[in-house]
Amino acid sequence: FAALSKTARAEMAVRCGADLVLELPTPWAMSPAETFARGSVRLLALAGADTLLFGSECGDLPALRCLADCLDSPAFADHLTAAPESGLTFAARRQAAAASLLDNAAAALLQSPNNTLAVEYLRALRHTHSDMTPCTLRREGAGHDGAPEGDTASASFLRELLRQGRGEAACAYMPTPAADVLRRELAAGRIADGALCERAILVRFRAMTEADWRPYDPGNEGLYHRLYQASRDACTVAEMLSAAKTKRYPLARLRRMVLSAYLQLPPAPERVPYLRVLAATAAGRAHLRCLRDAGAPVLTKPADVPALGPAAEDVWASTFHSACVRILRRWAEEIGYPRSFTIYDSDDSQRVMKAVYKELSVDDKFFPVKSAINQMSRWKDQLISPAEALKTPARDTKGALAAKVYAAYEKKLKEAGAFDFDDLIYQTVILLSEHEDVREFYQNKYKYLLVDEYQDTSVAQFRLVSLLTGPEKN
């Protein structure tokens, strides 16, 4: 897991000189180097890039090209097929096959992770027929997953410092603009700790059958069986990985499989479906304006998601109120409102309430309009209907008057085909409670609901979530 949110990391990038930060969608970002590279190249092609700049341990573009050519040659495929497995990893067998065609020194470049990814970038450029110009920079300083070297440190080392609570030590290895963002996130308590969701991950794995694991083992080498067995007994994800690991299966591959299984990721398709912007400077925004015909939708805000098509529209990420608006726009007629209902703001509500006061001869000085509206809001949040409010013994004259005003107010809203802001959740709860077909439609439509700041939900919000999740309580 990343220690910082993607938006915070994107902000670091633009503060340190980047003009535009795009997200590589998760199915590609979670893939092995070959698929990761192809997704990246396709993404950059959609973004109008003319140069592909990547790091490598060797910094030698001709040597990397030679390896890429070798891996794409028919002879290499034959040598790889003929190479004895004898417990070796795929990476080791691939290096041996390359050495048999080139030499040990050339093939040894594949031992380094950034060289390997660089080779895959070059292959991806060829396979996608891209006209981008490749260029490589030699990676210096701390190695991948290695200890600090001079004033540089690997991302793994920085994450470990953050896990230990040594935020300032991590900042010392970062450019000042990036360190400032990290300090802000530390002060706000926005540092992710994968251990906090470990129990949820293990619960998910123990609910999986052996067949459920199989799609995440693309090589069909039986690794899914090892992970399934390990998930039965392990008390931590680290124990599970350790139990499944062998010389043949590197830890990086196991981590990808485990996380993909937890997230239920589909295989990465051939085409990158969208460009999602995470951060941009003025220059980056100017470039975005040139991408209207990029060949894929450009997403800069949640409202852009429907451009991805009907399947994307079925994935909701919204506030309680906006989700309820979507539900009511489809089903409002079931509770006697038009689907083209109007949503009243606070000024509209006060206008209606003043009309109610006039009809009922209520003195605003005795019982202010704002007090009546506040009381109605509390009742709706407690899911108390006008009829229930009228039946409930009032503590005083104002309480009895509030119930009468509430009933008259709701009647006027219904006659006008309108909801106020509090009605959006209140009326949706009524709809789902009284109409089993509507309730089951949404319970079957969505397998999981994620509620941010769940501990702060109100009575009405809690009831809404309960109705939407159904008996499985997901």
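Residue numbers start at 1 and run along the sequence shown. Because only heavy atoms are used, hydrogens play no part in the values below, and waters and symmetry mates are left out as well, while side chains stay in.
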Side-chain atoms of residues 99-107: list all donor-acceptor pairs with protein atoms under 3.5 Å, sequence neighbours left out, distances to 0.1 Å.
from	atom 1	to	atom 2	distance (Å)
Ser100	OG	Ala97	O	2.5
Asp103	OD1	Ala105	N	3.0
Asp103	OD1	Ala106	N	2.7

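- Between the side chain of Arg339 and the main chain of Ala332, no donor-acceptor pair closer than 3.5 Å is present.
- Residue pairs meeting the side-chain hydrogen bond (donor to acceptor under 3.5 Å, both in side chains) criterion with at least one partner in residues 40-51, sequence neighbours excluded, are Arg42-Glu270.
- Between Glu168 and Arg183, at least one side-chain nitrogen of the basic residue sits less than 4.0 Å from a carboxylate oxygen of the acidic one, meeting the salt-bridge criterion.
- We find that Lys245 and Glu239 are not joined by a salt bridge, their nearest charged nitrogen and carboxylate oxygen being 4.0 Å or further apart.
- For Leu158 against Ala170, the heavy-atom pair with the smallest separation is CD2-O, 3.8 Å.
- Between Arg9 and Glu11 no salt bridge is recorded (no basic side-chain N to carboxylate O distance below 4.0 Å).
- Taking the six-membered ring where the residue is Trp, Tyr216 and Trp213 present perpendicular rings, their angle passing 60° and hence far from 30°.
- Asp69 has a carboxylate O that lies under 4.0 Å from a charged side-chain N of Arg126, or vice versa, which qualifies the two as a salt bridge.
- Two residues are said to be in side-chain contact when any heavy atoms from C-beta on lie closer than 4.5 Å; Leu464 and Gln461 fail this criterion.
- Considering only heavy atoms from C-beta on, Leu52 stays 4.5 Å or farther from Thr133 through its side chain.
- Ionic pairing of Arg253 and Asp217 is present here: one or more N-O contacts between side-chain nitrogen and carboxylate oxygen are shorter than 4.0 angstrom.
- For Phe419, the ring pair (Phe, Tyr, Trp, His ring centres under 6.0 Å) partners two or more places apart in sequence, or in a different chain, are Tyr337, Phe341.
- Counting all heavy atoms, side chain and backbone alike, Thr136 lies closest to Leu61 at CG2-N, 3.9 Å.
- Residue pairs satisfying the ring-ring contact (aromatic ring centres under 6.0 Å, His included) criterion with at least one member in residues 103-129, sequence neighbours excluded, are listed as follows: Phe54-Tyr121.
- Counting only distance, with no hydrogens or angles, the side chain of Arg226 and the backbone of Ala244 share a donor-acceptor pair below 3.5 Å.
- In summary, Asp193 and Arg163 do not engage in a salt bridge, as defined by a charged side-chain N under 4.0 Å from a carboxylate O.
- Remark: Phe462 pairs with no residue by the ring pair (Phe, Tyr, Trp, His ring centres under 6.0 Å) rule, at least two apart or across chains.
- Glu120 places no side-chain N or O within donor-acceptor distance of the main-chain N or O of Ala33, the cut-off being under 3.5 Å.
- In this structure, Asp60 and Arg138 have side chains that are not in contact, with every pair of non-hydrogen atoms separated by 4.5 Å or more.
- Counting non-hydrogen atoms of other residues, nucleotides and ligands closer than 6.0 Å to CZ of Arg199 gives a total of 12 or fewer.
- With sequence neighbours left out, Phe320 forms a ring pair (Phe, Tyr, Trp, His ring centres under 6.0 Å) with no residue at all.
- Look at Lys6 and Glu23 and you find a salt bridge, because one of the NZ, NE, NH1 or NH2 atoms lies within 4.0 Å of a carboxylate O, short of that distance.
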